[in-house]
Asker: 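Below: one structure in structure tokens.
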Amino acid sequence: MRDVTADAPGRVNLIGEHTDYHQGFVLPTVIPQRTRVRMSARDDRRVRATSRETGNTVVEFVIGAEAVTDTWVDYVQGVTHALRSVTTALPGFDVAIESDVPLGSGLSSSAALAVSLLRALRDLYSLSYDDVELARIAQRVETEFVGAPIGIMDQMACSLARDGEALFLDTRSLSYQRVVLPPGAELVVINSGVRHQHAGGEYATRRRESFEAAARLDVEWLRDVSVTQLHLLDALPDPLDRRARHIVTENQRVHDTVAAFAAADLERVGTLFDASHRSMRDDYETSTPEIDSLVNLGRNDPDVFGARLTGGGFGGSVVMLVRADMGNEIATRILAGYHARSNQRGSVLIPER
Ligand code: ADP
Ligand code: MG
């Protein structure tokens, strides 16, 4: 039987948080950690899957009879379920999965898994979707099967972003530009070690509140409210005004960050990171004490330009823009400070060590 391998990276969003489900702008890049799959064809419609990260137990299902289990295998079932739009005769397969992307840490292990499975299946069964269509299918894995009402940033980033570049993505048109990160700075990403739950309550609540704010402003998507119209939010009750303000100002910050990167103005990027974090902490309320502690350690470090929560929030990871060639040193001292203050372990994902 034919055997294929495929992989996909995790992602870290530099700025543009909770904007993607309002058709807004995001700026993710890849992390060095990847999910890898080895897949072989079967001549029936059965799927047998194992994941090193969940103890290598074999789980099985039949394509066409996928049923939600509320376990990790839903991400695999979600893939074959979403592929019904591409082919009604997808054969089965055996797949072994392993990943260095930490699960549930805001670095998109879920998209890395779906994208690597869809890449392997495209190769194994000569399917014809391109990388953007692949991202759309991977998004449906989560929105239609797993039941996580996410936007498309994660899947686009995992499918299209490349090392050393960020993807400036318009989530309405899916058009994108590659933004080269200027010399003089590098990224540090620290996982707080506190896990979040996407599908669970808070993310869905924020999303619901943001759409309620949009409806009251008479727009379908907050992408269509600009920073020149912020005074309109005064008519909204708390917390809807703050939820909308985060998304409206965050879209502007993505544009400003792209311009600042193009001008190699690292101080300015740092200021925008800091403003984005304050907006998530105070207006969107997706931060946690552990994340704030990491961000504050970054902010008080003379070699850090800026620091912010990355990803959906409620735990997860922090991204910092720091002086070039100092990432390791800075990450080590911030991790030590974090452990002393919060008694959490945390771990450094970038620079890779
Ligand atoms: P994130 O995408 O930020 O890591 P999510 O909550 O969206 O967090 O997705 C994490 C879930 O995805 C895990 O709880 C697990 O069910 C599934 N998952 C991701 N990667 C793997 C993997 N390599 N093996 C098994 N399950 C995985
Ligand atoms: Mg995810």
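Indexing begins at 1, ligand by ligand and atom by atom, following the structure's order. The analysis underlying the following values was restricted to heavy atoms, covering all of them including side chains, and did not include hydrogens, waters or symmetry mates.
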Asker: Using the side-chain hydrogen bond (donor to acceptor under 3.5 Å, both in side chains) rule, pick out the option among R243, H18, H22 that qualifies with S210.
Answerer: H22
Asker: Quick one: pull up OG1 in T171 and CE in M153 and give me the separation to the nearest 0.5 Å.
Answerer: 9.5 Å
Asker: Which atoms of ligand 1 sit under 4.0 Å from any heavy atom of S51?
Answerer: 22 (C), 23 (N), 24 (N), 25 (C)
Asker: Which is it for S105 and ligand 1 at heavy atoms under 4.0 Å: side chain, backbone, both or neither?
Answerer: backbone
Asker: Identify, by atom number and element, the atoms of ligand 1 in contact range of I97, meaning under 4.0 Å from any of its heavy atoms.
Answerer: 23 (N)
Asker: Look at the rings of F211 and Y21 and say which category their plane angle falls in: under 30° parallel, 30 to 60° tilted, over 60° perpendicular.
Answerer: tilted
Asker: Is the number of heavy atoms from other residues, nucleotides or ligands under 6.0 Å of N56 CG greater than 12?
Answerer: yes
Asker: Work out whether the distance between some heavy atom of S108 and some atom of ligand 1 is less than 4.0 Å.
Answerer: yes
Asker: Report yes if L103 has an N/O atom closer than 3.5 Å to an N/O atom of ligand 1; otherwise report no.
Answerer: no
Asker: Going by distance only, is there an N or O of T71 that falls short of 3.5 Å from an N or O of ligand 1?
Answerer: no
Asker: Does any N or O atom in G104 lie less than 3.5 angstrom from one in ligand 1, N or O only?
Answerer: yes
Asker: Salt-bridge test for D241 and R216: reply yes if a basic N is under 4.0 Å from a carboxylate O, no otherwise.
Answerer: no
Asker: More than 12 non-hydrogen atoms from neighbouring residues, nucleotides or ligands closer than 6.0 Å to CZ on R345, yes or no?
Answerer: no
Asker: What atoms of ligand 1 come closer than 4.0 angstrom to any heavy atom of G106?
Answerer: 3 (O)
Asker: Suppose we only count N/O/S atoms under 2.8 Å; would S110 qualify as near the Mg ion (ligand 2)?
Answerer: yes
Asker: Is it true that R253 and T249 share a donor-acceptor pair across their side chains at a distance under 3.5 Å?
Answerer: yes
Asker: Between L107 and ligand 1, which residue portion shows a heavy-atom distance shorter than 4.0 Å: side chain, backbone, both, or neither?
Answerer: backbone
Asker: Is the F25 ring parallel, tilted or perpendicular to the F168 ring (thresholds 30°, 60°)?
Answerer: tilted
Asker: Output the list of atoms in ligand 1 that are nearer than 4.0 Å to some heavy atom of S99, sorted by atom number.
Answerer: 23 (N)
Asker: Would you check the N or O atoms of S109, main chain and side chain alike, for any that come under 3.5 Å of an N or O of ligand 1?
Answerer: yes
